Structures are given as structure tokens and as C-alpha cells.
*Asks:* 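What follows is a single structure, and I will ask about it in a moment.
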Protein chains: 2
Amino acid sequence: MNEQKFCYKYPHPSVTADCVIFGFDGVSIKVLLIQRGIEPFKGKWAFPGGFMKIDETAEECARRELEEETGLKNAAVEQFYTFSDVNRDPRERVVTVAHYALVRLSEVKGGDDAASARWFAMDEVPSLAFDHDRILRMAVNRLKERICFEPIGFELLPEVFTMTELQNLYEAILEVKFDRRNFYNKMLKLGILSEAEPRPANATNRTPNKYRFNAEKYAELKQKGFRLEF
Amino acid sequence: MNEQKFCYKYPHPSVTADCVIFGFDGVSIKVLLIQRGIEPFKGKWAFPGGFMKIDETAEECARRELEEETGLKNAAVEQFYTFSDVNRDPRERVVTVAHYALVRLSEVKGGDDAASARWFAMDEVPSLAFDHDRILRMAVNRLKERICFEPIGFELLPEVFTMTELQNLYEAILEVKFDRRNFYNKMLKLGILSEAEPRPANATNRTPNKYRFNAEKYAELKQKGFRLEF
DNA sequence: GTCCAATTGCGTAAAAATAACGCATTTTAT
DNA sequence: ATAAAATGCGTTATTTTTACGCAATTGGAC
């Protein structure tokens, strides 16, 4: 017997949410990929993703996928583009709402099927399933744009970090090099960092200051209309 | 008899594309709205939009809506967000891929049903149908962001324009005021404008220079990695 | 242990970009 | 006829960005 019980006058595409999960290991940006166990594209790597349920938004769907793979509930997730090419899935018409998530690698537990999931550095990413190559390019571009104007970078770092770690993150994402001292001055002048602990009197060099992102200060500044700019 | 002949194992949302159409009349930004003739939200204003066909992309769908309302085939259209709130349409689950289009008002012909279509200045826009208030806010924000980094503003102006017209456009979109002389210098220094016709020797003041957007120059500059910045 | 290279905090000076404003001329509106 | 507004083309002051110096300290090589 046929179980196709949801019927419509016109053909409806399937809607999925995909989630490009970015992490940062202190040196380079990584992305979490899943190896496909079934056709099509069996054996190829792809982003976590799945069908949107009828009672959840696309973002909720993306968060669900994120949690399944990483155990994380509260990461930063943002929708960045919807891909609707007619033949992007060979089986049927599928429209996917693509998101990216920024996670702290230290907080990531292995997902349900860790066996088939792996972190890839950006320059190690193989050719992907479906149109996921294009999705990744777009995600990276959006991340680059975003990190210049919103302090999303902090979502990738530990709560407490050094200025060098923060600079490494910016350099990894934007693929540029900054002068260490200018980066330091600029960041501090922005006023969105607070010292994690007061620098001890006997502190010497080579014992870097630790900072944390100050969300309250940022909210204040943002209200006054302020941009990060890099 | 029932015509519901497209059947699926799981419920599928409808997918639509909406198109926020922006124009510029030399003074203020306008948006094209359609008055709904049927429930829900009968009598309320909304953006042109409609169901995505099974063999077209969301952008093609948005362009189709745009052409129906304005007669324009080649306007600038960009997807900016997909709205998937569960109850955004009271009838059924509808996911909409929202786009904005930038059109030259002079090129717009009345659409199929011009009777129910009207241009509204941004500060005249009434409360809209569905979640279109939110869609408009987001479209405007995206437009503001975009115009700072991509020369999309020229899509709203006639081919040939004066510096004052260009400034008025930027001021209308960004809701700020620029010093006329600084704006003039900055724009010229960017190098993406060419004089529409050489300024005649007998030209006097009060006969403003005419410019046009130089796409070739812009492509060159963009390649070298350059940003507009305002 | 000694020594060198790398790291960190804190500055300063030059260069570039931005913002503020001047002025003569010409046209439109009153 | 006259005042007000628009235009082209500047200049100057201020702010921001960039380039770089320097001393102190640590980790690693040997």
C-alpha cells in the first residue's frame, strides 16, 4: 500500500536546512563534514542537514542538525542563503536553507554518528556532495563579511583568550596578516573586550593578558550606531 | 472529485518567492505594494510574490513576479532572507524566499493589474499583510548594508545622473546627510564614475556635470580587492 | 648553564583618510 | 531687482591608519 498521504494540487519541493559548522583550533578554521553512507553521492562528504519538519522553522531545523552532530544547543547560527537550483538533488526537487554555525571546538562532543563525521581544515576540504562546494564558498564569504562588522568571532574562541589568539582567528578567517601592535591597539580601543582578570603586579611579559568579550559594552556601542570595521 | 494529485510521505510546505521592489524618484525611496483582493488580509498591502514553480529557482520566480508588476526583465534582483515561521500564513505552511529588486522608475510600465499596485514612500508604508512588515525592515537593512559596499545604487538612478542626484540617493537610503563637497570628492576619487559628456568649455555653474557608472572600472578595482565604504 | 629567537606590553612618528569649511559664479524664485 | 539656492573647485584641521621602536621575559637549542 502507498503511504503517500500528504497531497497537494501542485508539486511541492522538499525543504531542508543545511548547517555549515565552523570551528577554530587556534591556528586554522575547520569545518565539520559528514560522509554520506547512501546514494546519491555515497562516500562523498557533505554538510549536516535534513528535512525541515512541518512545525519548525528553518533555523530550528539547522539547530537540530547542529545538536545531533555536536551536542551543542546554544551556538551562534545564522541563515545565509537559500539554494533552489532545480537539479541540485538528483532524486527530487529540494530547496535548502543554508546556515552556518560557529562553535567552540572544546565544547563539541562527538555526535550521534561520530564515525562518519570529521573536521577539515579549509584547505583540506575535498570535493563535496550536491552543490555543497558552492554552499561552502558562500558560507566562507559570508563569514568574512560578517566578522568585519559583528563580533561573531568570539563565538569561535574560548570564553577567555589572549590577544594573539584573537588575532590568529581574524587572520585565519580573513586570510590576511595584521601588525600585532596595531591589532592590539585597535581591538582595545573598540572597547568590547574586558580583562578576564586584572593583570597581577608581578606580571611579566610573556605572560599574556587574558580577555573576554564584553557583550554589554558591545550592546551599548551598537545602539549608538557603531561598526567594527577591519 | 479531488484534484490533490501530488502526494508525499511527509507534509511539504509551499515555497514562494516575494519581491520587495525599490525605486527612487530623485527624492525618496519608494516601494511597490500590491493590495490584496482576497483573504487572508484582504484589502491589506503586500509585496508581489507567488508560488515557485517546480522547474524554476526562487530567483527566477521573483523575477517573474517583478516582470508581471513592472514589465522589467533585467533589473537587479537579490535574495536576502528566507522566512519560515510556522504560522506566517494562516492558510498553510508557506516558506518564502524574499528578494529585493532595484528598478529605474522611468522604465517601469504599469503591471498587469496596475489598479491594485502603488508606489509608497518609505514613511508612508502602511501595516502590511502576513509578516511583510518584518520582511520590509530586513530588506531595507540589507539595502543599507549593500549600498555601502557594492555600487547597487546605480541600478536605481537613470543611466546618466548628476552628482547631486547620486548624493540624494545615498542620503535617502542611509538616512544621513553628507557634506556636498566631500561626497563629490569621495565619489570621484573612487574612480567608478565617468563623465557622460565632456564638460563644454562655455559651461557655467548651475549646469551640473552628468556622470554614468563605469562598470569596467569597477570590475578592475573590485578584482584588486576594493571596497566602497560610506 | 648560556645564548638566541620568539613573545608580549607599551609607545611614537609619519602617512593617509576624513571632516569641516571658503568662495566665486550662476541660476531660479520672489 | 534681489535674495536664496546650486555648482565646481578648492584648502585646512582633525582623526584614523600604518609603520615601526624598544625593553623585558621566556622557552628552546646546545
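So that the names make sense, note that chain A is the first sequence line, chain B the second, and so on, each numbered from 1. Since the structure is predicted, the reported quantities are computational estimates derived from the model, not experimental observations.
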*Asks:* Checking B:R63 now: which residues fulfil side-chain contact (heavy atoms from CB on, under 4.5 Å) with it, not counting sequence neighbours?
*Replies:* B:E59, B:V77

*Asks:* Polar atom pairs between nucleotides 14-17 of chain D and protein, under 3.5 Å, N or O only, would you list them?
*Replies:*
none

*Asks:* So, do A:E107 and A:L72 sit near enough that their side-chain heavy atoms are less than 4.5 Å apart?
*Replies:* yes

*Asks:* Would you say A:N209 places a side-chain N or O within less than 4.0 Å of OP1 or OP2 belonging to C:dG9?
*Replies:* yes

*Asks:* Rounding to a whole Å, what distance do you find between A:N185:CG and D:dG21:C1'?
*Replies:* 13 Å

*Asks:* Enumerate, atom names and distances included, each donor-acceptor pair closer than 3.5 Å involving a side-chain atom of residues 16-28 of chain B, sequence neighbours excluded.
*Replies:*
unit_1: B:T16; atom_1: OG1; unit_2: B:T96; atom_2: OG1; d: 2.7
unit_1: B:D18; atom_1: OD2; unit_2: B:T96; atom_2: OG1; d: 3.0
unit_1: B:D18; atom_1: OD2; unit_2: B:H132; atom_2: NE2; d: 3.4
unit_1: B:D25; atom_1: OD1; unit_2: B:V27; atom_2: N; d: 2.8
unit_1: B:D25; atom_1: OD1; unit_2: B:S28; atom_2: N; d: 2.8

*Asks:* Looking at A:K144 and A:E175, does any basic side-chain N land under 4.0 Å from a carboxylate oxygen?
*Replies:* yes

*Asks:* A:Y184: which residues meet the ring-ring contact (aromatic ring centres under 6.0 Å, His included) condition with it, sequence neighbours left out?
*Replies:* none

*Asks:* Does a side-chain N-to-carboxylate-O contact under 4.0 Å join B:E56 and B:R64?
*Replies:* yes

*Asks:* Looking at residues 164-184 of chain B, who's got a heavy atom less than 4.0 Å off DNA chain D?
*Replies:* B:T164, B:R180, B:R181, B:Y184

*Asks:* Applying side-chain hydrogen bond (donor to acceptor under 3.5 Å, both in side chains), which residue pairs with at least one partner in residues 146-155 of chain A are found, sequence neighbours left out?
*Replies:* A:E78-A:R146, A:E150-A:Y218, A:E150-A:K222

*Asks:* If you measure from the Lys or Arg side-chain nitrogens to the Asp or Glu carboxylate oxygens, is any gap between B:R212 and B:E197 under 4.0 Å?
*Replies:* no

